[in-house]
Each structure stands twice: as structure tokens, then as C-alpha cells.
Chemist: 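The structure is given below, and queries will be raised subsequently.
None of these values were measured; they are calculated from a predicted model. Below, chain A is the first sequence line, B the second, and so on; all start at residue 1.
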Amino acid sequence: GENVGLHLPTLSVQEGDNSIINCAYSNSASDYFIWYKQESGKGPQFIIDIRSNMDKRQGQRVTVLLNKTVKHLSLQIAATQPGDSAVYFCAEKAYGQNFVFGPGTRLSVLP
Amino acid sequence: NAGVTQTPKFQVLKTGQSMTLQCAQDMNHNSMYWYRQDPGMGLRLIYYSASEGTTDKGEVPNGYNVSRLNKREFSLRLESAAPSQTSVYFCASVKGRNTEAFFGQGTRLTVV
């Protein structure tokens with residue numbers, strides 16, 4: 001994965017606002033993408049996935065957008081809550097290859 | 001269902017000591033993986049097992065060995081621990097192609 005050093009990018013949002021977390025992926029052959037949430041001291045937890053034949057997928061309070069032209073993935077969280085504070089990272093996968101994980105973005109929800 | 005279970009949760013080793021990290025999944029998944037997570041970096045693949053009876057090197061295999069004991073269990077062994085192996089280790093399992101990876105809670109390893 002890409003090495004961005006010791007400090008993760010941080011996104012700070014007010015409670016109740018919408019959050020948008022971005023991810024640039026590297027392999028144009030990737031056809032499956034996942035967003036994970038990782039709380040401090042815990043393992044990554046699946047949030048939502050999307051396949052390359054789609055450009056948008058919605059879950060409960062979350063939406064993933066995929067732009068294959070510019071190899072960009074975003075996660076939108078509606079009405080962000082304190083419990084959403086965590087590190088979020090994307091994963092990409094191409095056929096016959098293993099997952100490649102991004103370094104993550106730390107989401108901080110302000111009261 | 002417990003999902004993916006890793007033991008131990010924490011471990012401190014002295015340089016040169018050996019240990020085995022255990023992982024078991026109860027979801028009947030075919031593929032299992034070992035990753036390490038270091039500050040500010042994405043998960044890096046150490047070894048994986050695409051199916052029972054097979055294992056392959058990932059991105060950072062040096063200093064590690066693995067055993068796919070059966071379909072449920074996939075262990076990671078450090079034969080001679082080094083400070084550079086201080087990290088958080090995650091085990092994961094996957095059912096099939098284009099399905100999500102399920103992760104364990106991690107093992108925080110410190111080598112002094």
C-alpha cells in the first residue's frame with residue numbers, strides 16, 4: 001500500500017453533518033472495492049462494497065461512489081454521529097489478485 | 001458465530017524468541033490471510049492460503065512462516081523475532097471471489 005508516513009489524513013466534521021471520505025486506487029483492472037471502518041484497538045469492519053459494473057451503491061446512512069475513469073472511490077456518511085469516529089480505508093481487488101488496502105483516513109466527529 | 005478468532009491479543013517478545021499466532025474461522029471460508037498493520041500504512045499481506053493445503057507468500061513474507069492446519073485454522077510463526085516485526089497482526093478470511101474479507105480483532109506484538 002501507499003506509505004503516507006506515520007500520520008493519517010484526518011477529516012473533522014460536526015455531528016449531524018455529512019462526511020465524504022475519498023480514496024484513489026491504483027489498479028485499473030480492479031473490479032471489486034470495499035470500504036472498511038476500524039475503531040481503535042479493533043479489527044477492520046466491513047461497511048459497504050461495490051463492483052465495477054456499478055458507479056453507486058447505498059447502504060444504511062452510507063453511499064459509495066466509484067469513478068473508474070479517474071480511479072476514485074468515495075464513501076459518504078449521512079448525518080455523521082460520534083460512533084462514526086474511526087479510521088476508514090478502502091480496499092481494491094482485481095481478478096486473480098489479492099486485496100490492496102489504502103492507508104486510511106481518520107474521521108473525527110466534533111460535538 | 002464467532003467469525004475470525006485470533007490468539008493471543010497481546011504479546012511481548014525478546015529479540016530472537018519464537019512464537020506462533022493462531023487464527024481460526026468458523027464461517028467455512030476457503031481463503032485465509034495474514035496481514036500486518038503499521039502506523040500510517042495500509043494493511044500489508046504477509047502470507048495467504050487460497051484453499052486448504054496451499055500457502056503463498058504475500059508482499060512482506062520475510063521472517064515469517066505459515067501453516068494451514070485445516071480449513072478452519074491458519075497460523076503464523078515468527079522463528080526469530082526482530083524489533084522490525086513489532087506490529088499489529090490481523091488474520092482474515094474470505095468466502096470466495098469478490099466477497100468481503102472478515103477480520104479478527106488483531107494481535108499486538110512488541111519485540112524488544
Chemist: How about Ser85(A) and Ser108(A): does a side-chain donor come under 3.5 Å of a side-chain acceptor?
Modeler: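 The criterion, which ignores hydrogens and geometry beyond distance, is not satisfied for Ser108(A) and Ser85(A).
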
Chemist: Run the ring pair (Phe, Tyr, Trp, His ring centres under 6.0 Å) check on Phe46(A) and Phe102(B) step by step: do they pass?
Modeler: CA-CA 7 Å; Phe46(A) 171 88; Phe102(B) 290 80; 7.5 Å; no

Chemist: Less than 4.5 Å to any heavy atom of chain B: does that hold for the side chain of Arg106(A), its backbone, both, or neither?
Modeler: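 Neither part.
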
Chemist: Under the salt bridge (charged side-chain N to carboxylate O under 4.0 Å, His left out) rule, what do Asp31(A) and Arg97(B) come out as? Steps first, then yes or no, please.
Modeler: CA-CA 11 Å; Asp31(A) 60 359; Arg97(B) 182 182 173 226; 2.8 Å; yes

Chemist: Could you verify whether a donor N or O on one side chain and an acceptor N or O on the other, from Asn22(A) and Ser74(A), lie under 3.5 Å apart?
Modeler: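 No, because no side-chain N or O of Asn22(A) sits under 3.5 Å from a partner of the opposite role on Ser74(A).
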
Chemist: What part of Val94(B) gets closer than 4.5 Å to chain A, counting heavy atoms only: side chain, backbone, both or neither?
Modeler: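 Interface part for Val94(B): side chain.
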
Chemist: Please state whether the side chain, the backbone, both or neither of Gln37(B) comes within less than 4.5 Å of a heavy atom of chain A.
Modeler: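 Contact with chain A involves the side chain of Gln37(B) alone.
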
Chemist: Check each atom of Gln38(A) against the heavy atoms of chain B and say whether the ones under 4.5 Å are side chain, backbone, both or neither.
Modeler: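 Side chain only.
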
Chemist: With a 4.5 angstrom heavy-atom cut-off, is it the side chain or the backbone of Ala92(B) that approaches chain A, or both, or neither?
Modeler: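 Nothing of Ala92(B), per the 4.5 Å heavy-atom cut-off to chain A.
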
Chemist: Tell me, side chain or backbone of Phe33(A) under 4.5 Å from chain B's heavy atoms, or both, or neither?
Modeler: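 No part of Phe33(A) comes within 4.5 Å of chain B.
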
Chemist: Under a 4.0 Å N-O cut-off, is there an ion pair linking Lys71(B) with Asp26(B)?
Modeler: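 A salt bridge is absent here (no side-chain N lies under 4.0 Å from a carboxylate O).
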
